[in-house]
Colleague: 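Dropping a structure here in structure tokens format, bear with me for questions.
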Amino acid sequence: MTSENLVYLIALPLFSSALLMLLGRKADKWGHIFATLISASTFVIGAMEFFAMIDRPEASRAVTQKLFTWISVGTFNVDAGLLLDQLSIAFVLLITGVGTLIHVYSIAYMSHDKDRRRFFAYLNFFIAAMLLLVLGDSYLNLYVGWEGVGLASYLLIGFWNQKPEYATAAKKAFVANRVGDFGLSVAVMIAFANFGAVSFIGIEEKVGGASETALTAMGLMLLLAAVGKSAQFPLQAWLGDAMAGPTPVSALIHAATMVTAGVYLITRSNFIFDNAPTAQLAVVIVGTITLLFGAIIGMAKDDIKKALAASTMSQIGYMIMASGFGPAGYAFAIMHLLTHGFFKAGMFLGAGSVMHGMNDEVNMRRYGGLAKFMPITSITFGLGYLAIIGVPPFAGFYSKDKIIETAFNAGGLQGVLFGSAALLGAVITAFYMTRLMLMTFFGNKRWAQGSEPHESPFLMWAPMAVLAVGSVASGYLLYSGKAIVKWLAPVVDKNQHEHTEFLPPIVVTTLAVVAVIIGVSIAFIKYRGDLSESAPSEVSIFTRVIRRDLLQDDANEFLFMRPGQKLTQLLVKTDESVIDGAVRAVGSSALGSARGMRKLQTGYVRNYALLILIGALVALLAALAVTI
Amino acid sequence: MNPTNYLYLSAILFSIGAVGVIVRKNAIVVFMCIELMLNAANLAFVTFAKINGNLEGQVMAFFTMVVAACEVVVGLAIIVTIFRSRRSASVDDASLLSR
Amino acid sequence: MNLLTSMGLLPLIGAGLIALLPVSNAKLIKQGALLVSVLVAALGITMTIGFDRGVTGFQYVERYSWIPSLGISYQLGIDGISLILILLSVLLVPIVILAGWNESEGGRFSVKTFYVLILVLETMMIGVFAATDLFLFYVFFEAMLVPVYFLIGGYGSGARQAAAVKFLLYSLFGGLLMLASIIGIFVISGNQIGRTFDITALSTLEIDTTTQNFLFLGFFIAFAIKAPLWPLHTWLPDAAKSATPGTSVLLLGVLDKVGTFGMIRYCVELFPEASRTFTPLIITLAVISILYGAFLAIGQKDIKSLIAFTSISHFGFITLGIFAMTTQSNSGATLYMFNHGISTAALFLTAGWMISRRGSSTIADFGGLQRVTPILAWSFFIAGLSSLALPGLSSFVSEFLVLVGTYTRYPVAAVIATFGIILAALYILIPVQKALHGPTTAGNENLPDLNKREIAAIAPVIALIIALGFYPKPALEIINPAAQVTITKAGYSDPQPLVGGDK
Amino acid sequence: MGFQSPALEYGALAPMLIIFGAAIIGVIVEAFAAARLRAPIQLAISLGAVVLSLSQVWRLRGSATTTAAVNSVVIDGPVLFMQGTILILSLFAFFLIADIDAFAAQASAVPGSNEEAKALQSGKIQTEVYPLTLFAVGGMMLFPAANDLITLFVALEVLSLPLYLMAGLSRRRRLLSQEAALKYFLLGAYSSAFFLFGAAFLYGFAGDVSLAGIRSAVSGGPGNDVFLIIGMVSLSVGLLFKVGAAPFHAWTPDVYQGAPTPITAFMAAATKVAAFGAMLRIFYVSLGGAVYSWKPIFTAVAILTMVVGSVIAIAQRDIKRMLAYSSIAHAGFLLTGVIALNQEGLKASLFYLASYGIATIGAFAIVTLVRDSSGEVGDLNRWVGLAKRSPAMALIFSLFLLSFAGIPLTAGFIGKFTIFTAAYESGNIAVVVAGVLSSAVAAFFYIRVIVMIFFTDPEEDTVTVTIPSLYTNLTIWIAAIATLALGIFPAPFLDFIATFATFTR
């Protein structure tokens, strides 16, 4: 099946973005509305495609569109082609849906910023790039979107780049992403060298003939790409700093959509990973480490956005972990991705709403008791909270529960280990989210001077409300009747694997609920009463380490930045002194020998005659020697 | 007598002249040494004429003498001029041009 | 008259006419130069349109005997590779003239001399790429040093004379080594097929291995200095730092391409066997250049030398692509030459505007320009993105082709080279952060944004960068057949995919 | 034994006879003409003789090879070409000599004496330089034409002796000029002695003084090889001295610097042609058969010469000394043509000599223009910023330097290219590599001068570029045009040379 409409999904927001940028201040008055309408229209197109897809029989649900031949050199042929299948449509709806809500929210949130038009241009650009990422029919097309969202993220993190640390945060994000891009580049090279193709279909056709080494290598490189984009260990450090961007950006890019692109990549590359068990194991391990890492960091964060960012990292860890379990896990990874998109976006917007009411204060130690002053925000946020910690029947319960179950089902010691880690993650998640709730909406008022908390305007709370509905209902909708599993099976589970059960589902569910109860309880005990306005300073070494993000920045600095800077300085000096020095030495040695040889030119006739005589004698002897 | 001995003599004379140019400082003496070298060459010519049994070498010797005479004229002119300017006939004094 | 000759002669005639204009009327001189260069660019576009993409071999061929007793002829012709480079040259000249409208002032010589030199240089640039006679190539190769030398030494800043001399000596040294090789191959041609400099004929010579290696080295060192390849690069940062932005654009954008062009046209096509012998060494040097240039760029404090070092990194990619000897890498390398030309032009011109506004080229003297001069800042940023090969921009296509093509034959080299893309992010984003982001540095609050003339100069470049990123097909169609020929001449064929290839 | 008066072929000898005749007339004029009229008369005689002689050379160009004066002189293609070249170069040299007050009013007067001042004031300027130059020109024309050792030696002395004197004729810095003369004379005589000694041994080896006789002896005669070697080496010392090859070059910079600039120009350009002409003839015609004995040595000398000339030039601070070292380096390049020992080598050498000679005259002509109140300024540090004072002269001087450096589109490049090609063809690749490398070094100092002229601001304003007279102007412009023309369209000239480039054996 082909469709002529896919291109508009990308072209419209791209056009809008370019228009708003090129028109400049002339578009200030209407730019935000235009951009929002464009975003909404992409959602409409996406929805139409979705309904059209549902109407088609399962075998022909995927549609493609070839735009033009992009690169064609010898056997290397890449079309600018789009592919909309069951996997991509899920993303399209999430991106355009959540994206549009956040556009709406931003109209109000950014209303005081004189660069609002530019902000909307960036947002539209992001939508275009993210849609290209999920619609591209080959790794190379995906790559374009992949870097496009990276650029959008860079621009939006650095939206207020007049603050040097924000600019640094933007750069850090881009560079970490580039490390991931290295993986993606190499993966494409491996694909071309092995299969002579870079399109998903082209590779999938030939994947059976490839060596496991090649597939493992490619898988690991794809994992590296995912790790960079999705802030997984060890490239997780940029995400916390990325909260420098305006809060809607954190909601859209650094929670709901872009950072989940790694999950998309792994799921999309299922045909590679399914044949590369080593790479899969690596995926699971990375996911597991990250889900714990993020959760642990989240425990000690006082910055509301950074706490949410740590949570995002942890939740994506769940998704990555799930996608590492192969056909058993892909659907649940995507499911968690979707539910997470709702509740985390909702919570971020909630955090933005709180900040909006608190003069952009982000420190939770200066919040407290806000539930009374911001009722809508506290309710929508609360629903998101219930969803994320996995309280039945909220969305997160279904998706996370399934991931924990899949982890246990991996079997053997590995299954127990991963399953327990996932459970532990659930405990910690419940702890830090409860802490966040208590510190923000309950307890004593610890506001800064002049704070007058108030509820946000309609344009802001309306999107939060919509997302809250999603946080409540999306889990059940996706799960009931294994809807998501069946929907995605043609893409990620073509052979309809039988999945074994290690523990009966009811046991896992019980365990998960218990985990939540434990986490919530601890947090209640610890943060129930009144808190001080500043974080306690007499704390254990563990707390300090956790406050320093488990030393992630220190490690990066120690392992990469410092040596890198040293190397750079060394090379700069080497270039100056050794290489250019050698060149200059050639010059000065020529001059030196010139000065030396000049000394022969004494000015004394007798010396000149001596030179002649010696020359004659040497020549004579040489000639005699040559001849005889 | 073996004519080769004249060649040895010629070579010795030439060498004395050649070394003399290098060791002596007075321009006139240097010039004399050069004349000695020319005459050594002349001796060689004459000897070779004898050895080869033709006259060309001897003719050459005459030419050389004439040319040497011309050289003396030119040479003395130069040396005298420079002596008048410098009040010295030492070749080592004439070393302003160097390096 | 043939199109190539007319095109080459036009700037020269233009230079002659401008030389007749009164020195005092700077505006008229500039307009005249711009007019001439635009006409040449129009001819270049005409030529591109008329170029037959389907066929291999030289087109627009013309041949006149020049010094018959030495087998030298005035012989021109272009294939895809030369066409794309000529096109680059003739497009950049008007842009440079327009962009650097005032940079000819305050030099050691008059404004008039500047434009005369630029136009003379344009003739040389066209000639050096169009020559199909080795001797003619060498003449252009050396003769173009003269205008460049005066352009750097006469109109630059800082230690411009020293930089100009360094440039000239490096180039002359390389050129003379090449001369020895040219003499060698000329003598061999005399022994085998009768004295000739026709490169098509020369590529049929059978040269024994040792001789071929030495002759190859003579050419290669000359081109490696031009390109420049580590460790023969130290002239470039000095030259680029001292020259005016416009001169730097022509220097990095076009002149240095003579090196990489020469590697394809002369090193590989004339000495295939020696090329194969030296490939491991050259690939190593290329990879070192990529990383070394990138690291050095990161460490620079001066914006111009930073750009120069990024170019060294990029030339590493081009060289890598050439000697990896696959269709992809070779086409990619040629396309890279073009793309590097336009993206460096954008980078240098915008940097030049920043410098002329601020009066300093130290990166630390800028700051917060995005808010003061948004259009300028965006132009610089997009140019930078092109330099770091962001997908969707033109350089990505070429860089990726080089890498993917290299990987099929030299996977390790390709993977190491790919680290360059991480470093590229650093060397672009660090100056972007320092110069464009952050609080506005004191004294920069009132810098003017780009004026209409400057926008007119940069807009087509940026448009080209974006257009070729999304639709590189027209360029690739021109390049592919020529690249294929090169590979074949060098005795290579593409590695087949491991799965499902024709074994 | 009856005595036959030798038959002289006046037609074939006419070019030389005209010059010698004019020289003698010049001497007479010097003795009898009124002081005021001497200079114009001398100039007229000289120019007339040169032009007349040139026309005779032109007349002879197509005719078959002849020997003249009882086989002691041969008139063949290369000879005619070189005689023509020498005549053209000396025409320009006369232009320079005529133009300026470079020469001592009375060379015999003690520098700084009343005599000298009086001579200057009275304007009774002696013009012996004209006949001297004519004699030297005659000797130079005879040198490459000599067909036996006797003529060769006589020609060598005829060309040398006037030059020794001319070197001492400078009006300014007379002590230096006289010193140059003394040095040139002593060393020249010294090398002549070597030359003569070598000639004696060659005669001893071959039993014949004719070049043809030596050739037949070399190629398989019964002669004594030691005699041959001694003869060959000693003779070469004399010749290598004349062309300024290392290590026999030491006189060159001192003499070039001390001599009056027009004479330096004449020496640098014309002497080189004559000396290389003779050398080419001797080695191509007579000693070709013994190539294995002398080729290694000549290769070494050639390389040494290129290196010494190029490297020492870097450290020079005086324009004339720098040009002297440059001429040494060029001698090295020209030696590769001798070593090549093939037709190409001969053609290339002829082209090189002509193009180098004309550019040299032009370059020295410009040197004569750069002056301050006390005369010419040789100090390079005072040449800075010359382009500001006289852009045209600066450009032309750069053109000459670029030609010396061998940049394409100048005559020097074609010369270098053809001569290295010949050397490469003869299999002497080492000399080619050394040649290009020392060219790179040489480029350094040529460029340094260009930098000084164009890119350095003058510190003081006492140095001026005088407005050239018609003669000097002609010289400079013709030299410049020739340098460019021979660089861009060398084909006709190369073809022209090809018709000359066969030695009669």
Side-chain angles (χ1 to χ4, degrees), chain B residues 3 7 10-11 14 17-18 21-22 27 30-31 33-49 51-54 56-57 59-64 66-68 70-75 77-87 89 91 93-99, chain D residues 107-113 148-150 153-154 156-158 160-162 164-165 167-168 173-176 178-190 192-201 203-210 213 227 230 234 253-255 257-258 315-317 321:
Chain B
L7 290 183
S10 150
F14 188 84
V21 170
I22 290 157
V30 170
F31 188 42
C33 289
I34 292 170
E35 290 297 314
L36 184 60
M37 292 164 75
L38 290 178
N39 283 314
N42 260 354
L43 180 57
F45 265 117
V46 175
T47 310
F48 280 125
I51 295 174
N52 292 333
N54 60 24
E56 284 168 354
V59 172
M60 184 78 186
F62 281 112
F63 271 95
T64 309
V66 175
V67 168
C70 298
E71 224 172 62
V72 170
V73 172
V74 169
I78 292 172
I79 292 169
V80 166
T81 318
I82 207 162
F83 177 78
R84 295 210 315 171
S85 311
R86 293 173 173 272
R87 294 279 138 208
V91 288
D93 285 353
S95 59
L96 295 172
L97 293 161
S98 67
R99 298 286 159 106
Chain D
S108 56
V110 175
S113 66
D148 59 38
L149 294 173
I150 299 172
F153 179 66
V154 171
L156 173 67
E157 291 298 323
V158 172
S160 301
L161 292 175
Y164 301 151
L165 291 170
R173 298 193 185 81
R174 285 193 60 196
L175 277 184
L176 294 187
Q178 289 176 355
E179 180 184 324
L182 180 69
K183 281 179 174 172
Y184 195 15
F185 167 69
L186 287 179
L187 294 170
Y190 191 59
S192 293
F194 276 94
F195 181 91
L196 191 65
F197 194 67
F201 274 78
Y203 165 64
F205 161 75
D208 194 350
V209 290
S210 76
F227 290 173
I230 295 174
S234 297
D254 291 6
V255 174
Q257 189 185 356
Q316 294 309 313
R317 292 272 168 274
R321 280 186 90 77

Colleague: Measure distances from D:F185 to the heavy atoms of chain B and classify the residue's part below 4.5 Å as side chain, backbone, both or neither.
Modeller: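 Side chain only.
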Colleague: Are side-chain N/O atoms of B:S85 and D:Q178 paired as donor and acceptor at under 3.5 Å?
Modeller: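 The answer is yes; a qualifying pair exists.
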Colleague: Centre-to-centre under 6.0 Å for B:F48 and D:F201, is that the case here?
Modeller: yes
Colleague: Quick check for you: among B:G57, B:A44, B:A68, which has the greatest number of heavy-atom pairs under 4.5 Å with chain D?
Modeller: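 The candidate making the most pairs under 4.5 Å is B:G57.
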Colleague: Atom CD1 of B:I34 and atom CG of D:L187: how far apart are they, to the nearest 0.5 Å?
Modeller: 7.5 Å
Colleague: Are the side chains of B:M37 and D:L196 in touch, meaning some heavy atoms are under 4.5 Å apart?
Modeller: no
Colleague: What part of D:A315 gets within 4.5 angstrom of chain B, counting heavy atoms only: side chain, backbone, both, or neither?
Modeller: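 The answer is neither part of D:A315.
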Colleague: Which pair of heavy atoms, one from B:C70 and one from D:L161, lies closest together, and at what distance?
Modeller: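 Looking at all heavy atoms of both residues, the shortest contact is CB-CD1, 3.8 Å.
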Colleague: Let me confirm one number: the CZ-CG distance from D:F153 to B:L38, rounded to the nearest 0.5 Å.
Modeller: 6.0 Å
Colleague: Which bit of D:D208 comes within less than 4.5 Å of chain B, counting heavy atoms only: side chain, backbone, both or neither?
Modeller: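 Answer is both: backbone and side chain atoms of D:D208 are under 4.5 Å from chain B.
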Colleague: B:I78 versus chain D, heavy atoms under 4.5 Å apart: side chain, backbone, both or neither?
Modeller: side chain
Colleague: Looking at B:F83, I want to see if its CZ is surrounded by more than 12 non-hydrogen atoms of other residues, nucleotides or ligands under 6.0 Å.
Modeller: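 Check passes, neighbour count above 12.
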Colleague: Let me confirm one number: the CZ-OH distance from B:F31 to D:Y190, rounded to the nearest 0.5 Å.
Modeller: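 Answer for the CZ-OH pair, B:F31 versus D:Y190, is 15.0 Å.
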Colleague: So which residue, D:G204, D:A199, D:A193, ends up with the most heavy-atom pairs under 4.5 Å with chain B?
Modeller: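 Winner by heavy-atom pair count: D:G204.
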Colleague: What part of D:A167 gets closer than 4.5 Å to chain B, counting heavy atoms only: side chain, backbone, both or neither?
Modeller: neither
Colleague: How far does CD of B:E56 sit from OH of D:Y203, to the nearest 0.5 angstrom?
Modeller: 5.5 Å
Colleague: Which one of D:V209, D:V158, D:V255 has the most heavy-atom pairs closer than 4.5 Å to chain B?
Modeller: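 Looking at each option in turn, the highest pair count goes to D:V209.
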Colleague: Could you measure the distance from the CD1 atom of B:I51 to the CZ atom of D:F205? Nearest 0.5 Å is fine.
Modeller: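 B:I51 CD1 to D:F205 CZ: 14.0 Å, rounded to 0.5 Å.
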Colleague: Between CZ of B:F45 and CD1 of D:I150, what distance do you get to the nearest 0.5 Å?
Modeller: 7.5 Å
Colleague: With chain D, which of B:C33, B:S10, B:A49, B:A11 has the greatest number of heavy-atom pairs at distances under 4.5 Å?
Modeller: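 Top count of heavy-atom pairs under 4.5 Å with chain D: B:A49.
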Colleague: If you count heavy-atom pairs under 4.5 Å between each of D:G198, D:G188, D:A181 and chain B, which one has the most?
Modeller: D:A181
Colleague: For D:G207 versus B:N54, what's the shortest heavy-atom pair and its separation?
Modeller: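 The pair with the smallest heavy-atom distance is O-ND2, 2.7 Å.
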Colleague: Which one, D:S192, D:A189, D:S210, leads in non-hydrogen pairs under 4.5 Å with chain B?
Modeller: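 Top count of heavy-atom pairs under 4.5 Å with chain B: D:A189.
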Colleague: B:I79, B:V74, B:L36: which one forms the most heavy-atom pairs within less than 4.5 Å of chain D?
Modeller: B:V74
